[in-house]
Amino acid sequence: MKVVLFGATGMIGQGVLRECLLDPDVTAVLSVARRTTGKTDPKLREIVHDDFSNFASISDELTGYDACLFCLGVSSAGMSEAEYTRITYDAAVAVARTLLAQNPALTFVFVSGAGTDSTEHGRTMWARVKGRTENALLSMPFKASYMVRPAAIQPQHGVKSRATVTRVAYAALGWTFPLVKALFPKYVTTTERLARAMLHLAKHGGPKRILESVDIDELGHEASLEPS
Ligand SMILES: NC(=O)c1ccc[n+]([C@@H]2O[C@H](COP(=O)([O-])OP(=O)(O)OC[C@H]3O[C@@H](n4cnc5c(N)ncnc54)[C@H](OP(=O)(O)O)[C@@H]3O)[C@@H](O)[C@H]2O)c1
């Protein structure tokens, strides 16, 4: 399976990249990001690209892929709806349209978030925008598309968030994850389980198109038990 990965420099994307490189079923990974990941691996190729609203200049290089794992995204804190929409909806839809034109048999897996508002009309700005993005992606004629909605995510294997607030919070409170997991098992997963769940969806599909935190955690656990 050939994978194109967006957001590989972020916390979730670093976790997904790690599992892609470890997975023998993944033969090639292309990272498209504003900067390089700093990783070298025979399976990994990277394109540094600045304009996430337009991929015309690199569209020829986005051909021949089986799956897109889309981990690019930001916190909406301090952002206007227009700015958050530009990074969340506009970027994902621009990527999706470009990839669909070049790869009609592609599976698209989008990292969304717990609490996403599928009605697009709720009171919470980020949830509306993520809901609109999910709905747009779900309506596009991919071979398959899946929306994963993690809640709390325990970073593993040294991956770190790009967002200072998240990085500091995880550094200060990371030791509480086992307790939080014990108290709220439905709302906690790990970067490894999330990545393995996304890879399982890309390879084999899944029982539903929108996966909540508990679905992701279970699927990621089951995927880690699969023989490679
Ligand atoms: N972390 C969590 O606990 C959590 C929980 C639920 C859902 N999520 C969702 O998961 C997604 C990723 O989260 P994360 O924690 O991995 O975030 P992160 O560590 O902050 O990484 C964000 C990624 O998106 C890229 N990015 C941000 N703004 C961009 C822009 N304007 N143009 C191009 N690339 C841009 C970053 O690239 P640069 O390196 O170039 O900045 C980086 O690769 C987000 O949509 C978030 O809402 C996260």
Side-chain angles (χ1 to χ4, degrees), residues 4-19 29 31-39 46-55 58 68-80 82-95 109-117 124-134 137 146-174 176-177 180-181 184 186-195 197-198 210-217 220:
V4 56
L5 174 58
F6 288 81
T9 55
M11 184 183 107
I12 294 174
Q14 290 164 45
V16 170
L17 176 59
R18 178 182 188 275
E19 297 309 316
V29 186
S31 163
V32 182
R34 294 188 293 192
R35 57 197 186 92
T36 56
T37 61
K39 301 256 183 268
E46 306 201 38
I47 296 177
V48 174
H49 186 72
D50 285 326
D51 182 359
F52 277 71
S53 65
N54 189 332
F55 295 91
I58 59 165
C68 173
L69 304 180
F70 192 93
C71 311
L72 185 160
V74 283
S75 160
S76 65
M79 278 195 183
S80 67
E83 177 66 358
Y84 186 65
T85 298
R86 188 181 65 74
I87 298 169
T88 305
Y89 178 93
D90 294 354
V93 170
V95 166
V109 186
F110 176 69
V111 178
S112 185
T116 289
D117 175 9
T124 308
M125 183 275 276
W126 73 262
R128 282 196 304 272
V129 176
K130 285 271 198 194
R132 192 152 81 84
T133 311
E134 284 191 353
L137 297 171
Y146 297 97
M147 309 295 122
V148 295
R149 295 178 172 180
I153 306 166
Q154 181 178 3
Q156 291 177 310
H157 310 298
V159 307
K160 286 197 170 56
S161 174
R162 287 284 288 150
T164 308
V165 174
T166 313
R167 212 168 45 244
V168 170
Y170 279 145
L173 301 171
T176 65
F177 268 110
V180 178
K181 177 76 177 163
F184 308 103
K186 288 185 172 179
Y187 301 102
V188 182
T189 190
T190 64
T191 48
E192 185 178 312
R193 285 195 180 184
L194 172 56
M198 291 176 72
I210 298 179
L211 289 89
E212 302 293 346
S213 178
V214 65
D215 306 314
I216 297 164
D217 195 59

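The first residue in the sequence is number 1, and the count goes up from there. These values consider heavy atoms only, across backbone and side chains, with no hydrogens, waters or symmetry-generated copies. For ligands, and for the atoms within them, numbers begin at 1 and follow the listed sequence.
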Asker: Using a 3.5 Å cut-off on N/O to N/O, what pairs does ligand 1 make with the protein? A line per pair would be great.
Answerer:
unit_1	atom_1	unit_2	atom_2	d
ligand 1	3 (O)	Y170	OH	2.6
ligand 1	16 (O)	M11	N	3.1
ligand 1	16 (O)	I12	N	2.8
ligand 1	19 (O)	M11	N	2.8
ligand 1	19 (O)	S161	OG	3.3
ligand 1	19 (O)	R162	N	2.7
ligand 1	24 (O)	G73	N	3.3
ligand 1	31 (N)	R34	NH1	3.4
ligand 1	37 (O)	T9	OG1	3.2
ligand 1	39 (O)	T9	OG1	2.6
ligand 1	39 (O)	R35	NE	2.8
ligand 1	39 (O)	R35	NH2	3.2
ligand 1	39 (O)	R162	NE	2.7
ligand 1	40 (O)	R34	NE	2.9
ligand 1	40 (O)	R34	NH2	3.4
ligand 1	41 (O)	R34	NH2	2.8
ligand 1	41 (O)	R162	NE	3.2
ligand 1	41 (O)	R162	NH2	3.2
ligand 1	43 (O)	G7	O	3.3
ligand 1	43 (O)	T9	OG1	2.6
ligand 1	43 (O)	G10	N	3.1
ligand 1	45 (O)	K130	NZ	2.6
ligand 1	47 (O)	K130	NZ	3.3

Asker: Are Y89 and Y84 close enough that their ring centers fall under 6.0 Å?
Answerer: no
Asker: So, Q154 versus T190: side-chain donor-acceptor pair below 3.5 Å or not?
Answerer: no
Asker: Tell me the closest heavy-atom pair linking P150 and I216, and the distance in Å.
Answerer: N-CD1, 3.5 Å
Asker: Only one of T124, T116, T88 clears side chain to side chain contact (heavy atoms under 4.5 Å, CB included) with V129; which?
Answerer: T88
Asker: Can you tell me how the ring of F55 sits relative to the ring of H49, calling it parallel under 30°, perpendicular over 60° and tilted otherwise?
Answerer: parallel
Asker: Identify, with sequence neighbours excluded, every residue that meets side-chain hydrogen bond (donor to acceptor under 3.5 Å, both in side chains) alongside T191.
Answerer: none
